[in-house]
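Report on the structure given below.
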Amino acid sequence: MEFQFLGPLTMRSGNSSFHISGERGRKLLARLVIDVNRDVTIDRLIDTVWDADPPATARQQIQNRLGRLRALLSQNASGQQIVRHGNCYQLQSAEEHVDGLRFRRLCAEAEIAHRSGDAAHASALFRQGLTLWRGNALQDIHSDALQADATHWEEFRLRAIESLVALEFAQGAGVSIISELQSWVAKYPYHEGLHCRLSEALHEAGRTVESLAAIRDLRHRLDLELGIAPGAAVNELERRILVSQEALPPASIHLDREAAEALRRALSETTRALAILATVLA
């Protein structure tokens with residue numbers, strides 16, 4: 001059985017997915033999966049399921065739902081189970097069966113590869129981890145008690161993206177990830193660092209108009225939606241791009257022989273027409 005929460009909450013076994021019916025049942029499963037291999041008190045489970053003002057039968061309802069989850073897991077031979085330790089419950093599962101744990105492991109391995117000087121392998125590991133994301137963390141679970149957990153995982157994903165981008169630029173591959181940078185900028189519209197990287201890559205690719213437009217869009221969005229100005233790094237990058245443009249020599253016009261002859265004929269015809277017009281007007 002595979003548990004996925006880097007996107008909509010899902011339980012899968014091979015090509016089959018198992019739907020946990022009811023919003024409360026899904027909240028309960030989400031808490032157990034987020035805290036996989038760790039004890040979760042029944043009080044915390046209750047807070048997760050009801051947020052506030054739980055019913056008098058909350059404990060019994062939790063135990064009933066846990067029983068149904070146990071029965072579902074028992075149909076699978078993966079060794080996963082829900083065990084009770086006093087007033088706590090724990091979902092036990094191997095790391096490879098939980099997408100969040102796999103993502104965390106891949107990012108850790110990427111950091112090790114980076115520190116050892118293997119930037120290409122580090123990039124590949126970060127990419128492999130990021131492919132596990134199918135949307136936002138706990139995308140379809142609405143629980144105040146789980147919001148902080150969802151935010152934590154989203155911050156973890158952003159750090160992985162930032163690390164991957166830094167590695168790609170360090171390897172001189174910034175231009176090759178322009179499309180990815182555009183998608184990440186769309187997801188994080190106020191992230192100045194990603195906007196700067198996109199602008200740098202576009203400028204390097206000879207798309208300077210788009211490069212400056214990316215900075216202007218960021219400045220406009222920050223001002224209009226947040227009421228703030230971009231930081232010094234954004235302003236400095238824009239200045240450097242503008243200065244580099246001013247330093248370029250005027251563009252030369254190169255015409256092939258055929259185009260030059262066509263232009264000569266057009267100018268000749270225009271001169272003749274103007275002479276005729278002058279004679280008529282005189």
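From a predicted model like this one, the values you see are computed outputs, not experimental measurements.
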Heavy atoms of Ala113 and His121 approach each other most closely as CB-CD2, 3.9 Å
Taking C-beta and beyond as the side chain, do Ile178 and Arg207 meet within less than 4.5 Å on heavy atoms?
yes
Do Ser123 and Gln171 touch side chain to side chain, with heavy atoms closer than 4.5 Å?
yes
Treating Ile, Leu, Val, Met, Phe, Trp and Tyr as nodes and any side-chain heavy-atom pair under 4.5 angstrom as an edge, say whether Val209 and Leu202 lie in one connected cluster.
no
Backbone N or O of Val83 within a donor-acceptor pair of the Gln92 side chain at under 3.5 Å?
no
Compare every heavy atom of Ala122 with every heavy atom of Ala110, then report the nearest pair and how far apart it is.
O-CB, 3.3 Å
Do NZ/NE/NH1/NH2 and the carboxylate oxygens of Glu96 and Arg105 come within less than 4.0 Å?
no
Should Leu28 and Thr48 count as side-chain neighbours, where that means a heavy-atom distance under 4.5 Å?
no
Please evaluate residues Ser163 and His114 with respect to the criterion side chain to side chain donor-acceptor pair (under 3.5 Å), reporting the C-alpha separation (whole Å), side-chain torsions for both, the decisive distance (0.1 Å), and the verdict.
CA-CA 10 Å; Ser163 296; His114 182 207; over 6 Å; no
Does Leu32 reach the side chain of Asp35, with side-chain heavy atoms less than 4.5 Å apart?
no
Ser199 side chain to His195 backbone, donor-acceptor under 3.5 Å
no
Quick one: OG on Ser183 to CG on Leu181, what's the gap to the nearest 0.5 Å?
7.5 Å
Over all atoms of both residues, closest heavy-atom pair of Pro8 and Asp140
CA-OD1, 3.4 Å
Whether Arg197 engages the ring of Phe169 as a cation-pi pair (distance to the six-membered ring centre under 6.0 angstrom, angle to the ring normal within 45°) should be assessed.
yes
State, to 0.1 Å, how close Trp153 and Ala137 come at their nearest heavy-atom pair, and which atoms those are.
CB-CB, 4.0 Å
Please determine whether a side-chain nitrogen of the Lys or Arg among Arg239 and Glu236 lies less than 4.0 Å from a carboxylate oxygen of the Asp or Glu.
yes
Atom pair CZ (Arg65) and CZ (Arg24), whose distance is rounded to the nearest 0.5 Å:
6.5 Å
Worked verdict on Asp39 versus Gln90 for side chain to side chain donor-acceptor pair (under 3.5 Å)
CA-CA 5 Å; Asp39 284 345; Gln90 181 183 120; 2.9 Å; yes
Under the salt bridge (charged side-chain N to carboxylate O under 4.0 Å, His left out) criterion, do Glu180 and Arg127 qualify, and how do the steps go?
CA-CA 11 Å; Glu180 290 174 294; Arg127 287 186 181 282; 2.4 Å; yes
Does any non-hydrogen side-chain atom of Leu164 lie less than 4.5 Å from one of Trp184?
yes
Give me the atom names and distance for the closest heavy-atom approach of Phe103 to Gly129.
CD1-O, 3.2 Å
Can any side-chain N or O of Lys27 pair as donor or acceptor with the backbone N or O of His142 at less than 3.5 Å?
yes
Between atom CG of Asp149 and atom CD of Gln147, what is the distance when rounded to the nearest 0.5 Å?
9.0 Å
Start with the C-alpha distance between Glu238 and Arg219, add both sets of side-chain angles, then the distance that settles salt bridge (charged side-chain N to carboxylate O under 4.0 Å, His left out), and finish with yes or no.
CA-CA 11 Å; Glu238 184 178 39; Arg219 178 176 284 107; 3.1 Å; yes
Exceeds 12 heavy-atom contacts within 6.0 angstrom, atom NE2 of His85
yes
Might you work through the side chain to side chain contact (heavy atoms under 4.5 Å, CB included) test for His203 and Ser244, ending with a clear yes or no?
CA-CA 10 Å; His203 179 53; Ser244 71; 3.2 Å; yes
Answer whether the closest heavy-atom distance between the side chains of Ile161 and Leu194 falls below 4.5 Å.
yes
Can you measure from CG (Leu106) to CG (Leu130) and round to the nearest 0.5 angstrom?
9.5 Å
Between Thr151 and Glu154, is there a side-chain heavy-atom distance shorter than 4.5 Å?
no
Are any side-chain N or O atoms of Gln139 and backbone N or O atoms of Leu9, one a donor and one an acceptor, separated by less than 3.5 Å?
no
Lys/Arg N to Asp/Glu carboxylate O, Asp47 vs Arg31, below 4.0 Å
no
Looking at side-chain heavy atoms only, is the closest gap between Arg59 and Asp43 below 4.5 Å?
yes
State the NZ-CZ distance between Lys187 and Arg157, to the nearest 0.5 angstrom.
4.0 Å
May I ask whether Ile215 and Leu224 are part of the same hydrophobic cluster, defined by side-chain heavy atoms of I, L, V, M, F, W, Y residues being less than 4.5 angstrom apart, directly or through others?
no
How far does OG1 of Thr131 sit from CZ of Phe126, to the nearest 0.5 angstrom?
13.5 Å
If you measure from the Lys or Arg side-chain nitrogens to the Asp or Glu carboxylate oxygens, is any gap between Glu162 and Arg159 under 4.0 Å?
no
Do you know the tightest heavy-atom contact between Asp51 and Ala145?
OD1-N, 3.5 Å
Ion pair check, Arg102 and Asp99, cut-off under 4.0 Å
no
Can you check whether Arg44's main-chain N or O pairs, donor with acceptor, with Thr41's side chain at less than 3.5 Å?
yes
